[in-house]
Undergrad: 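This is the structure, below, for whatever I ask next.
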There are 2 protein chains.
Amino acid sequence: MSTAPRSRRARPAKPALTREGIVTAAVAILRAEGLRKVTMRRLAQELDTGPASLYVYVRNTDELHAAVLDELLGTVAPAPAEGDWRERLEKVLTAYTAMLLQHPSLARSALTAWPSGPNYLRLIETLLDLLRSGGVPREQAAWGVDLLLQHATATAAEHAGGDSQGDRQALTRALREAPADTHPHIAASADALLSGTPEARLSWAFQALINGIEHTAVPH
Amino acid sequence: MSTAPRSRRARPAKPALTREGIVTAAVAILRAEGLRKVTMRRLAQELDTGPASLYVYVRNTDELHAAVLDELLGTVAPAPAEGDWRERLEKVLTAYTAMLLQHPSLARSALTAWPSGPNYLRLIETLLDLLRSGGVPREQAAWGVDLLLQHATATAAEHAGGDSQGDRQALTRALREAPADTHPHIAASADALLSGTPEARLSWAFQALINGIEHTAVPH
DNA sequence: ACCTGAACACCGTTCAAGT
DNA sequence: ACCTGAACACCGTTCAAGT
């Protein structure tokens with residue numbers, strides 16, 4: 001009984017391939033299994049076709065990943081309307097970073113495959129707006145946006161990949177065990193080098209970046 | 001005559017596998033063919049053995065890449081003895097970035113697989129020394145080192161991978177074509193967003209980071 | 001124009017078996 | 001303990017052939 005077909009086909013008709021459908025399927029695989037599984041072959045399997053078919057709509061794997069990021073960028077909370085411009089700036093950047101931290105491997109690929117979709121432009125516009133409202137000169141604000149977005153992306157990307165926990169632990173040990181005669185500063189600063197929650201360090205980093213952008217003139 | 005063996009074997013005796021020998025061979029492949037070819041299989045072929053043999057000395061591919069970076073770190077010029085602490089700081093950081101820029105894919109993997117070898121520790125010690133000599137408080141200097149190294153690594157990593165040129169071009173177009181009514185700041189700042197040589201931007205970024213580190217207190 | 005099967009040229013990692 | 005062949009379970013991308 002359970003195997004009796006309800007129509008001529010047991011499954012819904014295979015939908016036509018579109019770029020949008022491909023990206024949607026890619027996002028679904030990302031959420032369920034991570035970016036490592038968002039491969040041409042796995043995606044083709046999901047869409048009930050062969051990998052070669054996807055190349056009509058997507059140039060290569062990198063472009064596919066960039067499209068996926070653009071899609072997720074639409075879910076990032078916009079800047080809060082209330083508060084000091086610095087606070088608001090930090091909030092947007094934190095929200096962007098938090099989204100990337102849910103998919104660190106995507107952040108890693110975003111560092112290389114630059115997004116250029118509507119959602120990314122909207123984010124740039126927001127950051128420029130906030131910096132300008134804080135009185136930051138136009139050139140500094142423009143170069144500063146790059147710095148802020150790069151920091152957010154790189155911070156998330158650091159959490160990608162296999163054994164980053166293990167590597168971090170190795171560095172922690174190396175810092176704690178550095179002999180004071182050859183590495184006096186490390187020995188004196190070991191605690192400070194390793195202190196702070198990730199949230200506290202991210203917040204401090206954004207504040208330092210904002211202060212630096214404010215106080216550093218662009219050449220010429 | 002040319003094919004006559006000079007001893008029982010035509011080739012020198014196969015050297016015993018060591019971790020050091022593996023890393024050396026990996027560096028050679030990196031220089032000749034790029035990180036993409038530094039794979040377990042390719043490396044095994046180079047060392048005239050099977051890929052499984054390498055797993056006695058190296059946990060996995062990520063660890064191999066980290067060891068390669070540590071090796072290259074030894075070639076980075078030390079800090080100049082002369083000059084203002086800011087200038088000296090910028091020089092070391094620029095030298096480190098330049099090395100990574102010769103192997104951007106290695107920078108990409110360094111963002112995830114943290115180095116912890118002697119050369120990396122030496123670099124951290126140098127950066128701490130310079131920041132402290134500029135009067136930066138210990139905690140700020142410690143957190144700042146992270147920020148500076150991350151920026152250098154991420155900047156180099158951005159140049160890794162396939163079609164980053166193409167992606168960059170797409171972003172350039174998107175910024176230039178952003179309509180002024182929906183994206184007034186981008187429209188007004190398009191030139192500034194795209195101005196400056198990579199060198200000028202890197203130099204500005206390091207200065208902004210240093211200024212930010214100087215002017216931003218660590219919480220608590 | 002779009003879609004496909006099949007092929008080319010690779011991967012990382014594990015494991016049982018050897019020395 | 002160290003080393004290995006062979007296997008498992010995958011990859012991206014291209015191309016000639018079909019519809």
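Lettering of chains follows the sequences in order, A, B, ..., and the numbering in each one begins at 1. Just so we're clear, the structure is a prediction, and the values are computed from it rather than from any experiment.
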Undergrad: Tell me the closest heavy-atom pair linking A79(A) and L130(A), and the distance in Å.
TA: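 Minimum heavy-atom separation between A79(A) and L130(A): CB-CD1, 4.3 Å.
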Undergrad: May I ask you to check whether S203(B) and Q207(B) show a side-chain donor-acceptor distance below 3.5 Å?
TA: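 Per modelled atom types, S203(B) and Q207(B) side chains form a pair under 3.5 Å.
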Undergrad: Taking protein heavy atoms under 4.0 Å as touching, what does nucleotides 10-16 of chain D look like 5' to 3' if B marks base contact, S marks sugar-phosphate-only contact and - marks none?
TA: -BBBBB-
Undergrad: At their closest point, which heavy atom of S195(B) faces which heavy atom of A192(B), and how far apart are they?
TA: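 Closest approach of S195(B) to A192(B): OG-O, 3.2 Å.
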Undergrad: How many Å lie between OH on Y57(A) and C1' on dT4(C), as a whole number?
TA: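 After rounding, the reported distance stands at 13 Å.
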Undergrad: Please output the side-chain donor-acceptor pairs of residues 91-102 of chain B that fall under 3.5 Å, not counting sequence neighbours, one pair per line with the distance.
TA:
| residue | atom | partner | partner atom | Å |
| --- | --- | --- | --- | --- |
| T94(B) | OG1 | E90(B) | O | 2.6 |
| T97(B) | OG1 | L93(B) | O | 2.7 |

Undergrad: For residues 18-27 of chain A, which residue pairs qualify under side-chain hydrogen bond (donor to acceptor under 3.5 Å, both in side chains), counting only residues two or more places apart or in two chains?
TA: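 Those involving residues 18-27 of chain A are R19(A)-E63(A).
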Undergrad: Not counting sequence neighbours, list each pair that qualifies as a ring pair (Phe, Tyr, Trp, His ring centres under 6.0 Å) and has a residue in residues 47-80 of chain B.
TA: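 Applying ring pair (Phe, Tyr, Trp, His ring centres under 6.0 Å) to every pair that reaches into residues 47-80 of chain B, excluding sequence neighbours, yields nothing.
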Undergrad: Nearest whole Å is fine: how far is dA1(D) P from L17(B) CG?
TA: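 It works out to 17 Å between those atoms.
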Undergrad: Among T153(A), L106(A), L35(A), N119(A), which residue meets the side-chain contact (heavy atoms from CB on, under 4.5 Å) test with L69(A)?
TA: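 Filter result, single survivor: L106(A).
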Undergrad: Can you list the residues that meet the side chain to side chain contact (heavy atoms under 4.5 Å, CB included) rule with Q150(A), with sequence neighbours excluded?
TA: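 Partners of Q150(A) under the side chain to side chain contact (heavy atoms under 4.5 Å, CB included) test: H151(B), A154(B), T155(B), E158(B).
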Undergrad: Whenever both distances are under 3.5 Å in a Watson-Crick or G-U wobble pair, mark it; put DNA chain D into dot-bracket that way, with [ ] for crossing pairs and | when the partner is on another strand.
TA: ||.|||||...|||||.||
Undergrad: Would you say dC3(C) has OP1 or OP2 under 4.0 Å from some side-chain N or O of T49(A)?
TA: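 Answer is no, no contact under 4.0 Å.
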Undergrad: I'd like the P distance from dA9(C) over to dC8(D), given in whole Å.
TA: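 The same atom, P, in both gives a distance of 23 Å.
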